[in-house]
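One structure is given below, encoded as structure tokens.
All heavy atoms count here, side chains included; hydrogens, waters and symmetry mates do not. Order of listing sets the numbers, starting from 1, for every ligand and every atom in it.
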Amino acid sequence: MRIGVLASQGAFVEHIAILHQLKVETLPVRLPQELMGLDGLIIPGGESTSISRLMLGYNLTNEIRNLAKNGLPILGTCAGMILLAKELSDLDVEPLGLMDIVVRRNAFGRQVDSFETELSIPVLGEKPFPGVFIRAPLIEQANSEVETLARLANGIIVATRQGKLLASAFHPELTNDLRFHQYFLDIVAGHC
Ligand code: GLN
């Protein structure tokens with residue numbers, strides 16, 4: 001199995017480190033030709049405005065759209081989730097428009113730019129998952145084909161899946177808990 005991590009900007013090093021711990025062959029992706037032959041792709045957190053500009057500038061946007069439409073599994077975390085969305089309540093970013101969710105950027109306001117909270121994510125088992133939120137977006141709406149995987153205590157949706165696409169508003173790569181990445185690899189392998 002070979003997983004690419006989009007390495008234009010943001011927290012790609014941390015995703016690569018987790019994939020190494022899971023003993024998966026990993027490739028940083030900056031150019032369209034590096035997308036060839038991948039079994040899955042991770043779009044990391046960072047600054048979605050910058051990532052979307054770099055993706056357009058390096059001709060990655062349409063390439064990734066086409067591969068996803070042909071079934072390439074993609075995990076988007078935080079800014080990566082913003083980029084997966086079909087719709088944003090923000091016009092500075094051109095999303096890939098792949099997952100049927102409406103996302104609001106920087107949704108938690110300045111005073112709580114960042115926080116940590118335990119999340120219940122039933123597909124990962126009973127043990128709570130450490131949710132690390134950094135200037136996080138939220139999912140305002142998830143349409144009927146989208147499965148909600150996790151919510152905050154107040155009901156806000158923070159992780160979703162649609163087919164082979166997986167999205168989180170939080171940063172699983174900044175924890176020591178490998179289960180979210182393992183779940184993505186299980187999707188890639190066709191086990192769930
Ligand atoms: N606030 C960032 C954005 O809107 C996302 C933050 C993150 O990825 N940690 O792009």
Give, for atom CD1 of Ile74 and atom CG of Leu166, the distance between the pair rounded to the nearest 0.5 Å.
11.0 Å
Under 4.5 Å side-chain linkage, directly or through intermediates, the cluster mates of Val132:
Ile134, Leu174
Considering only heavy atoms, which protein residues lie less than 4.0 Å from any atom of ligand 1?
Gly45, Gly46, Glu47, Ser48, Cys78, Ala79, Ile82, Arg105, Asn106, Ile134, Arg135, His171
If you count every heavy atom of other residues, nucleotides or ligands that lies below 6.0 Å from Asn176 atom CG, does the total exceed 12?
no
Once ring-ring contact (aromatic ring centres under 6.0 Å, His included) is applied, do any residues pair with His171, and if so which ones, sequence neighbours excluded?
none
For residues 172-192, the salt bridge (charged side-chain N to carboxylate O under 4.0 Å, His left out) pairs (sequence neighbours left out) are Asp177-Arg179
Distance only, no hydrogens: is a donor on one side chain within 3.5 Å (strictly under) of an acceptor on the other, for Thr77 and His15?
yes
